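To start, the structure under review is shown below, and the notes come after it.
The model shown is predicted, which means the values in this text are computed figures rather than measured ones.
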Amino acid sequence: MKICTLLLMLSISLATFAQQVEYQAFIYTSDDLANDISAYSSEHTDRSIFSDMLGAGLDATKGITSGYVTSFLDMGINAIANLITRNKRNKAEWEKVVAAENICETHIQTVSEINDFYSNSSFDGAMDPKGMRFDGIGCLRKEGQDTAFYISCHIDRDKIYRIINHSKFELVLDTLIISPMHSGLPNSFPKHDFTYAERKDYALEMDVKLKSSWMNEIVQLQKDQELGSFSISIPVTQEMLTDNGFFRYVRNDNEQPRFNIVGESFIVPRSYMGYRDENDVFKNSWGTGEFKMEITIKETCDITDEFRDNWKADFNLRKKLQKKGNLLQTAWQTLSHQKWDEISKSWVITILKAPASVVAKEVSGAMGLKSQTQTASMAGQAVPSQVPAK
């Protein structure tokens, strides 16, 4: 009864404050993928699957690294305040605030390591792809019962040969649902809606990193090694949207993707584990592969010339609405949860971001979410703002 009451309180709070966001990320698995790899291997190559752990440790350092570093221009207002007019200082302040609103960044990562990149242990080697079940990632954001954002990427079946020949895999975009009007932009506090009268050049960027830790047969620990990364950038123009403001894309079978995912990753090395059989004979075996994922979703836009020309009216309105404290700063609390979903055969990572005053400790405890309070600068972290999913 207490948990139900707390969840009801949370629902009321989230409905009252339009300043929260909940994301769900999915790590897909597939039992068919292992069959595809085996079938391709039998038909196209006689390559030995065996690969020792020492070599795997060296190969892991060759993974592609990529990412985005968000920085904000220091306007130097204080340094030159005595040299410019008040009007110019106000406009510079307004430009800085609006520039921060034009970037919304969300970080999602596994709460704990996932232990089964493969369905079974191997007796052949650290890089044996047999039984590989990891099959891609996805991310969902909902507004009530409606999908506000969804992206789904799977292992590219047209490049299975890369797993066999190079121990690497690539991802391909399968599904995308996106709407600038239902995005985290503008990243303002309080939140107001995205309009093409004020904003332009909306784009979505997503970065994914795969990391792993393992022990090789000469007792060397490889800790949090980055095996690879993927990135995709999708500009969304007003012309691409339907009448209700959404862009929807679904890739058909055997169709070339409209948007390319750049990057690649090594398959996860298996940890070495020697054992003795029933006859007390010592044998080598390798585990099912431990890994974790890091996902960064970044939304960006620019302001229109008309909005910039009318900056003064917007600046004055902001000053009237501004409460005590810095306009760019607020306190946020992030709640994270990870669980296995048997129906979808995927790991589900849920994060909820909200003002710290909204999400009580009792609520996070009742939901079983791991909580971390963060006092984040809106200019520095660009915390998104949306009504959460159920």
Side-chain angles (χ1 to χ4, degrees), residues 27-63 109-137 154-155 157 159-170 209-228 264-294 338-342 345-347:
I27 298 178
Y28 303 126
T29 65
S30 171
D31 295 330
D32 296 331
L33 179 60
N35 297 331
D36 293 342
I37 295 172
S38 297
Y40 186 93
S41 179
S42 299
E43 183 178 352
H44 292 84
T45 181
D46 58 357
R47 170 180 178 262
S48 173
I49 298 301
F50 182 80
S51 196
D52 66 79
M53 184 59 76
L54 180 60
L58 295 174
D59 283 344
T61 63
K62 301 176 183 178
Q109 63 184 23
T110 51
V111 177
S112 60
E113 288 79 6
I114 298 174
N115 297 321
D116 298 313
F117 192 83
Y118 310 94
S119 57
N120 301 106
S121 298
S122 171
F123 302 105
D124 293 321
M127 302 296 284
D128 180 4
K130 185 177 181 180
M132 180 174 165
R133 64 199 303 264
F134 170 83
D135 195 26
I137 58 101
H154 287 80
I155 286 182
R157 294 302 201 278
K159 296 183 178 179
I160 291 291
Y161 67 89
R162 296 218 63 203
I163 299 176
I164 302 301
N165 295 339
H166 310 294
S167 297
K168 294 179 179 179
F169 65 89
E170 298 182 28
K209 291 183 179 180
L210 174 64
K211 294 184 177 181
S212 179
S213 300
W214 68 93
M215 179 76 73
N216 64 27
E217 62 266 43
I218 59 175
V219 199
Q220 288 180 332
L221 174 63
Q222 306 292 333
K223 183 68 173 177
D224 290 335
Q225 294 293 318
E226 183 175 325
L227 301 180
E264 62 184 7
S265 176
F266 286 94
I267 62 176
V268 172
R270 302 168 180 263
S271 277
Y272 172 78
M273 180 63 192
Y275 75 101
R276 293 186 180 275
D277 64 13
E278 64 277 6
N279 298 317
D280 200 32
V281 177
F282 188 82
K283 295 183 179 180
N284 295 326
S285 68
W286 290 263
T288 54
E290 180 182 271
F291 70 99
K292 56 186 177 182
M293 305 290 295
E294 296 179 1
Q338 175 180 322
K339 69 176 181 179
W340 170 256
D341 184 79
E342 183 62 30
K345 300 295 181 182
S346 64
W347 285 95

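Between N216 and P269 there is no side-chain heavy-atom pair separated by less than 4.5 Å. The closest side-chain heavy-atom distance from S213 to K223 is below 4.5 Å. Residues E170 and I155 are not in side-chain contact: their nearest non-hydrogen atoms beyond the backbone lie 4.5 Å or more apart. F169 has its side chain out of reach of L33: every pair of non-hydrogen atoms, C-beta onward, lies at least 4.5 Å apart.
Residue F291 is tested with F134, W347, F266 for a ring-ring contact (aromatic ring centres under 6.0 Å, His included); the sole match is F134.
Contact between D36 and I160 at its shortest, heavy atoms only, is O-CG2, 4.1 Å. The heavy-atom pair separating D277 from N279 by the smallest distance is OD1-N, 2.8 Å. Nearest heavy atom pair, residue M215 against residue S271, reads N-OG, 3.1 Å. Of all non-hydrogen atoms in Q338 and V111, the two that sit nearest each other are OE1-N, 2.6 Å. R157 approaches D135 most closely through the heavy-atom pair NH1-OD1, 2.8 Å. What you find for D224 and K211 is that their closest heavy atoms are O-CD, 4.4 Å.
S119 places a side-chain N or O within 3.5 Å of a backbone atom of G131 that can act as its donor or acceptor partner.
For the atom pair S112 OG and E290 CD, the distance stands at 9.0 Å (nearest 0.5 Å). Of the inter-residue distances, the one linking T29 atom OG1 with K345 atom NZ reads 7.0 Å to the nearest 0.5 angstrom. Separation of atoms CG (L227) and NZ (K168) is listed at 11.0 Å; rounding is to 0.5 Å. How far OG of S265 is from CD of E226: 8.5 Å, rounded to the nearest 0.5 Å.
Ring pair H154/Y28 is parallel by interplanar angle, where below 30° counts as parallel and above 60° as perpendicular.
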Check your understanding: Would K292 and I114 count as a side chain to side chain contact (heavy atoms under 4.5 Å, CB included) if you check the C-alpha gap in whole Å, the side-chain angles of each, and the deciding distance to 0.1 Å?
Key -> CA-CA 6 Å; K292 56 186 177 182; I114 298 174; over 6 Å; no

Exercise for review: For Y118 and I267, run side chain to side chain contact (heavy atoms under 4.5 Å, CB included): C-alpha distance rounded to whole Å, both residues' side-chain angles, the deciding distance at 0.1 Å, then the answer.
Suggested key: CA-CA 10 Å; Y118 310 94; I267 62 176; 3.5 Å; yes

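Qualifying side chain to side chain donor-acceptor pair (under 3.5 Å) partners for N120, counting only residues two or more places apart in sequence or in other chains: none. In this structure N284 satisfies the side chain to side chain contact (heavy atoms under 4.5 Å, CB included) test together with Y272, F282, W286, sequence neighbours excluded.
In the model, T288 has a side-chain atom that pairs as donor or acceptor with a side-chain atom of D116 under 3.5 Å.
The environment of CG in D31 is sparse: at most 12 heavy-atom neighbours from other residues, nucleotides or ligands sit within 6.0 Å.
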